[in-house]
Amino acid sequence: MTGERDAELIDASKRIGPIARREMRLAYSMLFPTVAAVLFVVLIPVLANFWISVKPVELADLRAAKPLVRERASGDVAKAGDAYQIEYRVRSSSPKDPVFDVALTDKIPKGLNVVKIDPLCMTEAETIKCYLGTLEPKKRQSIKVTLSATPSYFESGADPPKDTKPLITGHAPNALTSLEFTFENFRKIFDASEFWEVLWVSMVYTVFGTGGALLLGLFAAQLLMTAFPGRAFLRGLFLFPYVSPVIAVAFTWIFLLDPFSGTMNAILQQTGVTSGPINFLGKRGVALWTVIAFEAWRYFPLAFLFILARMQSLSADLDEAAEMDGATPFQRFWYISLPQLVGILSTLFLLRFIWTFNKFDDIFLLTGGASGTRTLTVNVYEQAFALSNLGAGAAVAVLIFFMLSIFVFCYFWLAPKEEGM
Amino acid sequence: MARGLALATVLGAIWGFVTATVAGISATLVFGVNTDMTSSAAMIAGIPAAVGHQLARDFGFGGRSSFIAAMVIFTAVLFALTGFAPLGLSLIDAPITSGATVSTLAALTIGVIAISFHGKDWRSLNRYRIEEVVGRTLKGLGFVFFGSIVLLPFYAMLMTSFKKQAELLTDPLDYSINLTQGFAALFSSYIELFTTFDFGRFILVSTLVSVSTVFITLAASIPGAYAISRLRFPGRVTFSRSILLIYMVPAIVLVIPLYAVFSQLGLRDSLLGLLIVYPATTIPVSLYMLQGYFRGLPSELEEAGLVDGCSRLMVIWRITLPLSLPAIASVALYVFMIAWNEFLFAFMFIDSPEIFTLSRAVVSLNSSEVPRQHLMAGAVIVTIPVLVIFLWFERFLVQGLAAGGVKG
């Protein structure tokens, strides 16, 4: 369908000629910044995950090994013929990677002659050039050069020899661009005993978090359906959880839910609902439902807003007719209002389902993925940055990408078109 | 009659329990008075009060006198059940406080019961009327529920920032603050944050990053949105549809590759890195919202401009932009809020305290060495600008949110 229309447009542009072509060129140039930004920061990184996921790359590999050099000079040059020694100490910056093709160059100060030189080096014009070849990790290499002063050294009052900095070059294989591939990362994440639990937790969190937010939103929308003084104020208030920074509300809830000094536990105990403190965020089994409740709390405003907007746009005729016929309030809600909200509810469900599945910040801040709350997104962080295995993290990201593709496909396939989202 | 009796019993019990619980907890949270919970007593007291209220109406009392009669019943039962010391306020020791508190509670309880019944004659309750009463009760409970889940965390956040760690640990329910202790003592957490933790700088960094993100985003998305909504070019339909897909890419999937590349390019621990990532995530949202608005503008105006010899760019500058200022303003505010609230990339990329954004700085306060009130003061500082913007421009923003340009 899309392709056909595009083809038509191309035909049209060919037929119409220069004006249409100019419009096309203008459109492309106006879209260029957007396309470039999205391409380099979103699309290419998404694809890069596939590359990283099949590479044995760890966090430490991001800093490629470099050759390092320290220069030491000794000897006192007081008169012509005095000897002056320079020692270059070379090592690899990485404790585990070698550096290849290491070469060192340094300037010979004016007025000094090379007397003795390391076999790896040679002099060329006024410079010393040394080729060290491969530098093994953890091995130091030292190069010694002896210089002697000529009379002209004292005439010109040249710089002390150490002042020129030696230049060292060499290259180490970049772990990201090497051609070494492995399926170890995928094997590792699928074999891990907690993998199926992570997948299960992800799905439970997504389904119930989304459902909870939608139910709360539907309920809240019912409350503000009819006009009353203070409604606008309440609508603003209800949106607070959604617009506030996650960092602020997450830490507030952590303190409120603290088992020893949290307000929630104090309230529950004072009203006699529970006898002892509950470790809401630290107890296996409880923590998952706590983060789901947090998700529902934080995102119900969004559902509320959409449902309210939809309900206010519904025509009252149907409802009034039902009322005339004697339908009770609950019957009217169930048989008249709710069926008209099915469109927006299912669209919201699919959309929120995808976003909840993608959610990282909330769980990460609340529990850090501990006590049985590790979802796939938190697992990306866990693998890549807590366990320093970038490759495994990327492998989880690839898995997320595939699952997401399925969900997005379902969204475009199932979402009612008329909701316009 | 039997139905009415049952309904009055249930309503009386529910509202007696709820009002007493809410009043008790609120009193503790606001004034720090440690009340004994009299919820169950109030629940029982609510039953005869609700029934009495209806009976009094039956016997031909007026609205006001049956209300007062019910209040008297409620108060008397509550006193009797709690040994004349409801909510820990003894009638003998402090008769005025105790009496005033309990009658207020009684008025509140009978008030909501009356609203729930709303003049329905309890002898002739059919299904329709019962459902109306139940519906109204549920609504009332809903207001209590949503009111408390929304207000409690923000109230706790604000009040904690004024307290001391030791006070918080001894009584986690007491959020009252001593206003007589003077400005410096009250705001000590804030003063500490601005002096030793350099929060002034973080505010500046966050502002700089967010405002720059807004400008970069608008500079890229205004022309893009215009092209999509007005110009004809091959790929237009595909393009406008695929913008939505960008919404659905999770940030965590982008973190590893961006982290790897930015580390090697030296962009990781720099604000420039953030200024590359933030606009890229907000441009699609902004473009989507703006193109919807541009489409709604009458194209005749622009065509007139073109006929009169303006170039496309002049038309955009002279006609489209001035007409769409409200939409641009709301997109700008929206993007500002996204960038201001952003946590993940700031947390992953920024290590040097000199260039912490506010979110990143608040995370760094989350350690056992920093007292809780400092962290909450930080949370208040990061939240206030967002809530102020939101409340000030609510009308604009809600339209933007409802236009579908939302990610969260």
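Predicted model, so just to flag it, every value in this text is computed and none were measured. Letters A, B, ... are given to chains in the order of the sequence lines, protein chains preceding strands, and every chain is numbered from 1. All heavy atoms count here, side chains included; hydrogens, waters and symmetry mates do not.
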With chain A, the option among B/Ile130, B/Leu169, B/Leu258 that has the most non-hydrogen atom pairs under 4.5 Å is B/Leu258
If you tally heavy-atom pairs under 4.5 Å against chain A, which of B/Gly142, B/Gly135, B/Gly147 wins? B/Gly142
For chain A, the option from B/Leu231, B/Ile222, B/Ile216, B/Leu138 that forms the most heavy-atom pairs under 4.5 Å: B/Leu231
If you count heavy-atom pairs under 4.5 Å between each of B/Tyr259, B/Phe145, B/Phe239 and chain A, which one has the most? B/Tyr259
Please answer whether the main-chain N or O of B/Ile256 pairs with a side-chain N or O of A/Asn49 as donor and acceptor at a distance below 3.5 Å. no
Parallel, tilted or perpendicular: which describes the rings of B/Phe146 and A/Phe238, with under 30° parallel and over 60° perpendicular? tilted
Under the salt bridge (Lys or Arg N to Asp or Glu O under 4.0 Å) test, which residues partner A/Asp361, sequence neighbours left out? none
Pick from A/Phe240, A/Trp51, A/Phe32 with the largest number of heavy-atom pairs that fall under 4.5 Å of chain B: A/Phe240
CZ-CZ distance between A/Phe364 and B/Phe343, expressed to the nearest 0.5 angstrom: 5.5 Å
What residue, out of B/Leu344, B/Leu287, B/Leu29, B/Thr281, has the most heavy-atom pairs lying under 4.5 Å from chain A? B/Leu344
When rounded to the nearest 0.5 angstrom, what distance separates CG in B/Leu375 from CD1 in A/Ile254? 8.5 Å
So CG of A/Leu59 and OG of B/Ser263: to nearest 0.5 Å the spacing works out to 7.5 Å
Residue pairs passing the salt bridge (charged side-chain N to carboxylate O under 4.0 Å, His left out) test where at least one lies in residues 242-270 of chain A, sequence neighbours excluded: A/Asp258-B/Arg372
Top residue by heavy-atom pair count (under 4.5 Å) with chain A, among B/Ile276, B/Ile149, B/Asp174, B/Val362? B/Ile149
For a quick check under 3.5 Å, do A/Gln331 and B/Tyr128 share a side-chain donor-acceptor pair by atom type? no
Distance-only, no hydrogens or angles: does the A/Asn358 side chain make a donor-acceptor pair with backbone N or O of B/Ala251 under 3.5 Å? no
